[in-house]
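See below for the structure under consideration.
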Amino acid sequence: MPEVQRPASQRGGLGRIWRHRWFDEAAVHRVLPPELLERLTQRVAASERRHSGEIRICVEAGLPLSYLWRSAPARQRAVMLFGKLRTWDTEHNNGVLIYLLLAEHAIEIVADRGIDAHVSADDWAAMAQRMGAAFREGRFEDGLTQALGEVSALLVEHFPLDDGVANRNELPDTPVVL
């Protein structure tokens with residue numbers, strides 16, 4: 001089979017390594033200051049009171065060198081973090097990870113098999129595109145809030161809580177900054 005050409009942002013080389021080393025945790029906090037991270041934590045908690053799913057947000061400045069050396073795409077890192085953050089480890093297999101990689105302006109949404117069975121790949125991609133459009137305009141809070149609302153609506157639709165039942169809150173609500 002012919003080799004698929006990767007976008008320049010996913011190819012190896014010194015330019016990609018430099019870009020990923022240039023971004024650090026301070027860059028994340030310029031985009032998502034502590035008060036915004038706290039508001040996002042509250043929004044995730046409020047969302048999870050309405051369904052049995054779990055939502056995680058992870059923001060990473062740049063990929064680790066091991067990913068850069070092998071020209072790994074952002075999706076590969078998001079899937080690994082989906083496991084590492086235990087987003088897969090929910091009773092109803094309905095965890096969702098929203099992953100942002102600042103160095104590449106990449107957005108990945110990784111959903112566990114329970115919710116993914118109800119949502120098409122095109123729907124997840126459209127959600128990421130809408131978030132990206134807001135980010136390009138510098139509206140990070142709006143983009144993340146909209147995505148949280150969309151993910152929440154899907155979880156409420158497919159995994160609503162029964163009357164009088166509370167979400168066990170199986171995972172932390174606080175966004176992870178790497």
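For reference, positions follow the sequence shown, starting with 1. Just so we're clear, the structure is a prediction, and the values are computed from it rather than from any experiment.
- Contacts classified as salt bridge (charged side-chain N to carboxylate O under 4.0 Å, His left out) and involving residues 54-68 (residues at least two apart or in different chains) are given here: E60-R77.
- At a threshold of 4.5 Å between non-hydrogen side-chain atoms, the residues L32 and L144 count as touching.
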*asked:* side chain to side chain contact (heavy atoms under 4.5 Å, CB included) for H51 and E157? Distances and angles first, verdict last.
replied: CA-CA 8 Å; H51 53 77; E157 178 183 350; over 6 Å; no
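- Distance CD1/I98 to CE/M127: 7.5 Å, rounded to 0.5 Å.
- The cationic atom of R139 (NZ for Lys, CZ for Arg) does not lie both less than 6.0 Å from the six-membered ring centre of F135 and within 45° of the ring axis.
- Counting heavy atoms from C-beta outward, V151 and W124 have side chains that approach closer than 4.5 Å.
- Among all heavy-atom pairs drawn from V110 and A78, the shortest one is CG2-CB, 3.8 Å.
- Scanning both residues, C58 and L81, for their nearest heavy atoms gives SG-CD1, 3.9 Å.
- Summarising the geometry, atom OG belonging to S152 is positioned 12.5 Å from atom CZ belonging to R43; distances are rounded to the nearest 0.5 Å.
- F140 and V44 end up in the same hydrophobic cluster when Ile, Leu, Val, Met, Phe, Trp and Tyr side chains are linked at under 4.5 Å.
- Residue pairs meeting the salt bridge (charged side-chain N to carboxylate O under 4.0 Å, His left out) criterion with at least one partner in residues 112-136, sequence neighbours excluded, are R130-E150.
- Between P175 and L40, the shortest heavy-atom contact is CG-CB, 3.9 Å.
- The only option from L100, L178, V59, L37 that meets the side chain to side chain contact (heavy atoms under 4.5 Å, CB included) definition with V28 turns out to be V59.
- The closest side-chain heavy-atom distance from Q146 to M131 is not below 4.5 Å.
- Here F159 pairs with H118 under the ring-ring contact (aromatic ring centres under 6.0 Å, His included) rule; sequence neighbours left out.
- Between L65 and L68 the shortest side-chain heavy-atom distance falls below 4.5 Å.
- A 4.5 Å side-chain heavy-atom check between F82 and V96 finds every atom pair outside the cut-off.
- What you find for G143 and A134 is that their closest heavy atoms are CA-CB, 3.6 Å.
- Under the 4.5 Å side-chain heavy-atom criterion for Ile, Leu, Val, Met, Phe, Trp and Tyr, L161 and L148 are members of distinct hydrophobic clusters.
- Panel note: side chain R50, backbone A153; no donor-acceptor pair is recorded below 3.5 Å.
- The hydrophobic clustering, which links ILVMFWY residues whose side-chain heavy atoms are closer than 4.5 Å, places L171 and V177 apart.
- Within the 4.5 Å cutoff, the side chain of I55 has heavy atoms near those of the S47 side chain.
- Paired with S52 under the rule side chain to side chain donor-acceptor pair (under 3.5 Å), one option of N167, T90, N94 passes, and it is N94.
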*Dump the intermediate steps for side chain to side chain contact (heavy atoms under 4.5 Å, CB included) on W88 and N93, then the final yes or no.*
CA-CA 6 Å; W88 59 270; N93 300 310; over 6 Å; no
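- From K84, atom NZ reaches atom CG of L97 across 13.0 Å, with rounding to the nearest 0.5 Å.
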